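Worksheet: the structure to be examined is printed underneath.
These figures come from a predicted structure and were not determined experimentally.
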Amino acid sequence: MELLTALSLDELALSFSRVPLFPVFDLSYFIVSILYLKYEPGAVELSRRHPIASWLCAMLHCFGSYILADLLLGEPLIDYFSNNSSVLLASAVWYLIFFCPLDLFYKCVCFLPVKLIFVAMKEVVRVRKIAVGIHHAHHHYHHGWFVMIATGWVKGSGVALMSNFEQLLRGVWKPETNEILHMSFPTKASLYGAILFTLQQTRWLPVSKATLIFIFTMFMVSCKVFLTATHSHSSPFDVMEGYICPVLFGTALGGEHHHNNHGGAHGGSHGGSGPGSPHSAMAAKSKEELSEGSRKKKTKKAD
């Protein structure tokens, strides 16, 4: 029975890995990517005043991962733009989301049940891109583990990693929003997925590529659909990182920041009476000065 189950899973995974991405899955990927662009502050105004800049930002959201991967592997950066069908499809999605009369297209794709379907299909594309990126990097660097991981990572989350450059096209400069400093769930998941697919590509993980694609896709789809449906910005990796980071790095991720905020909150609620707050230090200093002044007055009176 277990053998039959394993065989059916392998057949299902193999069939799933052979499903073509263009045009249905790629269309969903473009829709969700450009939706996130429209959510950015000032994106709608930019599309009205500078449509070319808005179109370039949309193309970066759709093809930024390919550009970064080509940059890492020393290939022409505009190589993917020779795919006329994908560029035209992405351009059509950009026009409909930003310029459709009465925002009908935008309202349809933003309807939560419809949006969840598009989000799930986008994760299918993301995982396939990671696997293809690892395979492509392995073809150039057979023993370059870090090259394979980096290529798979940017294939899965290249848009987020290029966010600062994309912001420059919109006339915005926010270096504190660097994705490396504040990794979102897709960026972390792409990194972990790139590690898994690299281990599989180098024969260290005894799982077929089709099975790994299927399992990791189900994980990504489940997590991203749940996070989107609940409007949550947390990460399923937070609990694991909370246990591992203190052991490896001596503190949890964001622990110092949380501690500072916690202390600041207590300082605000208790009038800055925390032992480590600046208000408490100033209060202690003023008390010492007052006590010293009172002692001097008493000394003068005694004299």
Sorted by chain and residue number, the ring pair (Phe, Tyr, Trp, His ring centres under 6.0 Å) partners of F81 (sequence neighbours excluded) come out as F63
Exercise. On the ring face of F98, is K38 found with NZ or CZ under 6.0 Å from the centre and within 45° of the axis?
Worked result: yes
Query raised in the report: For the residue pair F237 and F219, does the interplanar ring angle fall in the parallel (under 30°), tilted (30 to 60°) or perpendicular (over 60°) class?
Result: tilted
Item to complete: Verify whether one side chain among E179 and T187 offers a donor that lies under 3.5 Å from an acceptor in the other.
Response: yes
_Looking at W173 and N164, would you say the former's side chain and the latter's main chain have a donor-acceptor pair under 3.5 Å?_
no
On a heavy-atom basis, the closest approach of Y106 and I97 is CB-O, 4.0 Å
Below 4.5 Å, heavy atoms only, C-beta onward: do Y66 and D79 meet side chain to side chain?
-> no
Does a sphere of radius 6.0 Å around CZ in F105 hold more than 12 heavy atoms from other residues, nucleotides or ligands, not counting ones at 6.0 Å or beyond? yes
| task | Determine whether Y80 and E75 make a side-chain contact, defined as any pair of heavy atoms from C-beta on separated by less than 4.5 Å. | result | no
For L77, I'd like to know if atom CG has over 12 heavy atoms of other residues, nucleotides or ligands within 6.0 Å. yes
Checklist line | Polar side-chain atom of D238 near backbone of S235 as donor-acceptor pair, under 3.5 Å | finding: yes
Apply side chain to side chain donor-acceptor pair (under 3.5 Å) to residues K129 and S65 and explain how you reach the verdict. CA-CA 9 Å; K129 286 165 64 178; S65 57; 2.7 Å; yes
Decide, yes or no, whether a salt bridge links R48 with E45 under the criterion of side-chain N to carboxylate O below 4.0 Å. no
For this session: Test S33 against K122 for side chain to side chain contact (heavy atoms under 4.5 Å, CB included), laying out the working first.
Result: CA-CA 9 Å; S33 298; K122 179 182 179 179; 3.6 Å; yes
>> One pair to check against side chain to side chain contact (heavy atoms under 4.5 Å, CB included): Y243 and V239. What are the steps and the verdict?
In response: CA-CA 7 Å; Y243 286 103; V239 177; 3.8 Å; yes
Residue set satisfying salt bridge (Lys or Arg N to Asp or Glu O under 4.0 Å) with R170, at least two apart, ordered chain then number -> E40, E166
Checklist entry - Under 30°, 30 to 60°, or over 60°: which ring-plane class applies to H136 and H140, parallel, tilted or perpendicular? => result perpendicular
Legend entry - Short side-chain to backbone donor-acceptor contact, S86 and N83, under 3.5 Å: no
pair T211-D10: side-chain heavy atoms closer than 4.5 Å:
yes
